[in-house]
> 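Below is a structure I'd like to ask you about.
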Amino acid sequence: MTVSPRRNRPRRDDNANLDADRVRQGVASVQQWTDGAWQVRGIGAGASVKTYRCPGCDQEIRPGVAHLVAWPADGLGDLTDRRHWHSGCWRARDRRGPAVQRGRGTPRY
């Protein structure tokens, strides 16, 4: 007769309820701002593999940098409405003026 060893802790299958896309991309949440409701999803440093331009500071978000993606929550837009933001730029967007984009040869006054 063979006896199985006793298990001291209950067996849990923690990975059974995890969705691979939700783990990799994060869970979107809705945030209310003065310009409306926005779906916001955090992107971890490991999931960031492309270079994006932050609309808040007009600087690049390099691969491997944690940031967030925001798009209108009204459901009327498409993938072209998504914007990648530095987390600090997103939080400070109500306190900042509009980003002025200038050419390289344009003088700054």
Side-chain angles (χ1 to χ4, degrees):
M1 178 170 150
T2 306
V3 178
S4 297
R6 181 171 172 241
R7 194 180 260 316
N8 290 334
R9 287 177 263 152
R11 183 178 206 155
R12 293 185 196 153
D13 194 7
D14 290 335
N15 296 331
N17 296 330
L18 294 179
D19 180 12
D21 286 335
R22 287 181 66 183
V23 170
R24 185 170 42 86
Q25 297 177 353
V27 178
S29 64
V30 177
Q31 294 183 7
Q32 287 289 348
W33 288 81
T34 57
D35 58 348
W38 294 84
Q39 291 269 352
V40 179
R41 182 177 65 206
I43 304 294
S48 176
V49 294
K50 290 173 55 180
T51 300
Y52 299 99
R53 175 89 40 195
C54 174
C57 65
D58 200 35
Q59 300 295 313
E60 288 184 347
I61 302 172
R62 299 271 186 183
V65 175
H67 62 282
L68 56 89
V69 179
W71 64 96
D74 57 13
L76 300 176
D78 57 5
L79 291 177
T80 60
D81 293 325
R82 295 186 314 168
R83 296 290 178 261
H84 293 254
W85 292 75
H86 291 110
S87 300
C89 293
W90 176 256
R91 287 189 304 268
R93 66 194 204 103
D94 276 349
R95 296 187 305 268
R96 292 184 179 173
V100 177
Q101 298 186 9
R102 300 177 179 92
R104 289 183 181 214
T106 306
R108 294 178 184 240
Y109 297 106

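Every heavy atom of this structure was used, including side-chain atoms; hydrogens, water molecules and symmetry mates were not.
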> To the nearest 0.5 Å, how far apart are CZ in Arg91 and CD in Gln31?
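CD of Gln31 is found 10.0 Å from CZ of Arg91.
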> Find out if a path of hydrophobic residues (ILVMFWY) with successive side-chain heavy-atom gaps under 4.5 Å connects Val40 to Trp85.
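Same hydrophobic cluster.
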> Kindly give the heavy-atom pair with the smallest separation between His84 and Ile61, and that separation in Å.
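For His84 and Ile61, the tightest heavy-atom pair comes out as O-CD1, 3.6 Å.
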> So which heavy atom on Thr51 is nearest to which on Arg62, and how close?
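Shortest heavy-atom separation between Thr51 and Arg62 comes out as OG1-CA, 4.4 Å.
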> Which pair of non-hydrogen atoms, one from His86 and one from Cys57, has the smallest distance, and what is that distance?
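Heavy atoms only, the tightest pair is ND1-SG, 3.4 Å.
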> Applying the side chain to side chain contact (heavy atoms under 4.5 Å, CB included) criterion to Tyr52, which one of Gln59, His67, Glu60 satisfies it?
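Running side chain to side chain contact (heavy atoms under 4.5 Å, CB included) over Gln59, His67, Glu60 with Tyr52 returns exactly one hit, His67.
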> Check for me, please, whether Trp38 and Leu68 land in the same ILVMFWY cluster - side-chain distances under 4.5 Å, paths through other members count.
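Yes; tracing contacts between hydrophobic side chains, which count when under 4.5 Å, links both residues.
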> Within a reach of under 6.0 Å around CZ of Arg53, are more than 12 heavy atoms found that belong to other residues, nucleotides or ligands?
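Atom CZ in Arg53 is packed in, count exceeds 12.
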> Should Ile43 and Trp71 be regarded as members of a common hydrophobic cluster, given that ILVMFWY residues are connected when their side-chain heavy atoms come within less than 4.5 Å of each other, either directly or indirectly?
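Yes, same cluster.
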